[in-house]
Amino acid sequence: MDFNFEEKYEKYRATVRDFANREFTRELIETCDSGEKYPEELRIKTFNAGIMDFTDPWKVLIGIEEMCSVDESLGIAATTPYFGAEVLMLFGSDYLKEKYLSKVSQGKAIMGLAVTEPGGGSDVAGLATTATPADSGYMLNGSKMFITNGTIANYFVLLARTSVEEKKHHGLSCFLVDSSWEGFKSSKIKGKMGVRATDTAELQFSNVKIPKENLIGEEGKGFYYIMTFFNISRIYVAAQGLGVARGAINRAMEIVKAKGQAYSSQESVQFAISEMATRLEAARLLTYKAATFLFNFNPNPTLTSMAKYYAAETAVYCTEKALEITGTDGLNSQLERFLRDAKILEIWEGTSEIEKLVVARNLLKEGSVN
Ligand SMILES: Cc1cc2nc3c(=O)[nH]c(=O)nc-3n(C[C@H](O)[C@H](O)[C@H](O)COP(=O)(O)OP(=O)(O)OC[C@H]3O[C@@H](n4cnc5c(N)ncnc54)[C@H](O)[C@@H]3O)c2cc1C
């Protein structure tokens, strides 16, 4: 068992860290947070710097972790222009890959994933948006809620109901939807608690015509495609959590040390630092283990869900503890934003409750833990 990354990954980690420390200026962070502004220039710089190299998933994971350790909101905004692309990579036709994915991978187009609806996100099989078979394709009607990149994306991977089946999830299909099509409308959602540099929107579809070639994979298999995607994206959310937790601990230690020896040697402060760092280490081992299974084409959904919820909860725990031991100094520092940003990690790509249900159901099916 070797807990060290190969040298090429350590070099890559250092490169991304330098990039984020240089490009995530205090001014940019604050402008995007207070103004709820998407950092388009940063997206382009990130792309040009070769960060988010999809030919190597470890680089994607490390890139996300490092960017989020400097600032979660900018880190996510800069690393999600490809959100949902794996669905196309895994299940899309050559035509879809050539027409849409090629532009996304050249940094010329932005993608999003549209699953959640105003009626709820956890019950994916219960969604109400319909894609009714029509001449030479489908007719899309309905709406999607809280969609990342909602007003800036050129394309969306969208899940809709194509038929009513006894088992609800059997009637769902995935489509590649172009935001320039007639009948598509998006409205930015403002006033979010955190990740305010990310673009979030409500999408509405009124008789949007989808050509039949834009069906991804087979009709009726959409639910499985999205669950496969979540087993990938949850690893990356866990990586977001690792970055946030590390960033919070390091900032807290800087403040604590600046307060002097008498303060930093207090038992309550030392207990907090120790507990934060221990949880981070545990979350990191779990995330890297789940990632190793996934990246070796042997995904382990139980480990993935454990990693996602534990790393997300670790990020929230560490940002809270960091504020606790830094008091007003912390509240007046970037730690306040770290806490606001961290909370979303427990919600998107499956809430902590949903992840725990996945873990327990899988374990009960297996009958014992290893
Ligand atoms: C900033 C932001 C960006 C987002 N980006 C995207 C995106 O790009 N694409 C997309 O499709 N979605 C996106 N989402 C939506 C996100 O995935 C959902 O918010 C999430 O899945 C939870 O759904 P919900 O908010 O409707 O909560 P609900 O599903 O209504 O759940 C509410 C509460 O009930 C709990 N709960 C629900 N069902 C159960 C159950 N069976 N057992 C126990 N507890 C349960 C949940 O854990 C939660 O605490 C985004 C959300 C936000 C806030």
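FYI, the numbering just counts along the sequence from 1.
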Euclidean distance, L127 CG relative to K168 NZ, rounded to 0.5 Å: 9.0 Å
Linking Ile, Leu, Val, Met, Phe, Trp and Tyr through side-chain heavy atoms less than 4.5 Å apart, which residues share a cluster with I189? M145, F146
With a 4.5 Å limit on heavy-atom distance, are the side chains of T228 and Y225 in contact? no
Are V115 and Y82 linked, directly or through intermediate hydrophobic residues, by side-chain heavy-atom contacts shorter than 4.5 Å (ILVMFWY only)? yes
Using distance alone, with no hydrogens and no angle criterion, decide if T200 and K188 have a side-chain donor and acceptor under 3.5 Å apart. no
Pair N141, N207: side-chain N/O donor-acceptor within cut-off below 3.5 Å: yes
Measuring only between side-chain heavy atoms, which start at C-beta, is K8 closer than 4.5 Å to D56? yes
Side chains of I216 and V87: does their closest heavy-atom pair fall under 4.5 Å? yes
For residues T129 and E117, is any side-chain donor paired with an opposing acceptor at under 3.5 Å? yes
Taking NZ, NE, NH1 and NH2 as the nitrogens, is one of them in D341 or R196 under 4.0 Å from a carboxylate oxygen of the other? no
Check step by step if salt bridge (Lys or Arg N to Asp or Glu O under 4.0 Å) holds for E346 and K343. CA-CA 6 Å; E346 294 181 329; K343 190 65 194 170; 2.5 Å; yes
Interatomic distance, F83 atom CZ to L113 atom CG [nearest 0.5 angstrom]: 5.0 Å
Pair K356 + E353: basic N to acidic O under 4.0 Å: no
Salt bridge present between R251 and E254 (N-O < 4.0 angstrom): no
R13/E65 ion pair, N-O < 4.0 Å: yes
Does a donor on one side chain and an acceptor on the other come within less than 3.5 Å for E27 and T25? no
So do T319 and R340 actually touch side chain to side chain, heavy atoms under 4.5 Å? no
With a 6.0 Å cut-off on ring centres, are F205 and F175 close enough? no
Could you check if a side-chain atom of T132 sits within less than 4.5 angstrom of a side-chain atom of Y138, using non-hydrogen atoms only? no
Step by step, would you call Y288 with F5 a ring pair (Phe, Tyr, Trp, His ring centres under 6.0 Å)? CA-CA 10 Å; Y288 290 178; F5 274 108; 5.2 Å; yes
Does K11 come within less than 4.0 Å of E7, counting only side-chain N to carboxylate O? yes
Any side-chain heavy-atom pair from F229 and E349 closer than 4.5 angstrom? yes
When you measure from the side chain of Q270 to the backbone N and O of S264, does any donor-acceptor pair fall under 3.5 Å? yes
Nearest 0.5 Å, please: how far is OG in S305 from CG in N231? 6.5 Å
Roughly how far, to the nearest 0.5 Å, is the NZ atom of K259 from the CD1 atom of I325? 9.5 Å
Any side-chain heavy-atom pair from K144 and T116 closer than 4.5 angstrom? no
Between the side chains of D71 and S73, is a donor N or O closer than 3.5 angstrom to an acceptor N or O? no
Applying the 4.5 Å side-chain criterion to the ILVMFWY set and letting contacts propagate, would F293 and F295 be lumped into a single cluster? no
Rounded to the nearest 0.5 Å, what separation is found between the CH2 atom of W348 and the OG1 atom of T198? 5.5 Å
Those residues at least two apart in sequence (or on a different chain) that pass ring-ring contact (aromatic ring centres under 6.0 Å, His included) with Y95 are none
Polar side chain donor-acceptor pair, Y100 to N214, under 3.5 angstrom: yes
Is any side-chain heavy atom of M306 closer than 4.5 Å to a side-chain heavy atom of T302? yes
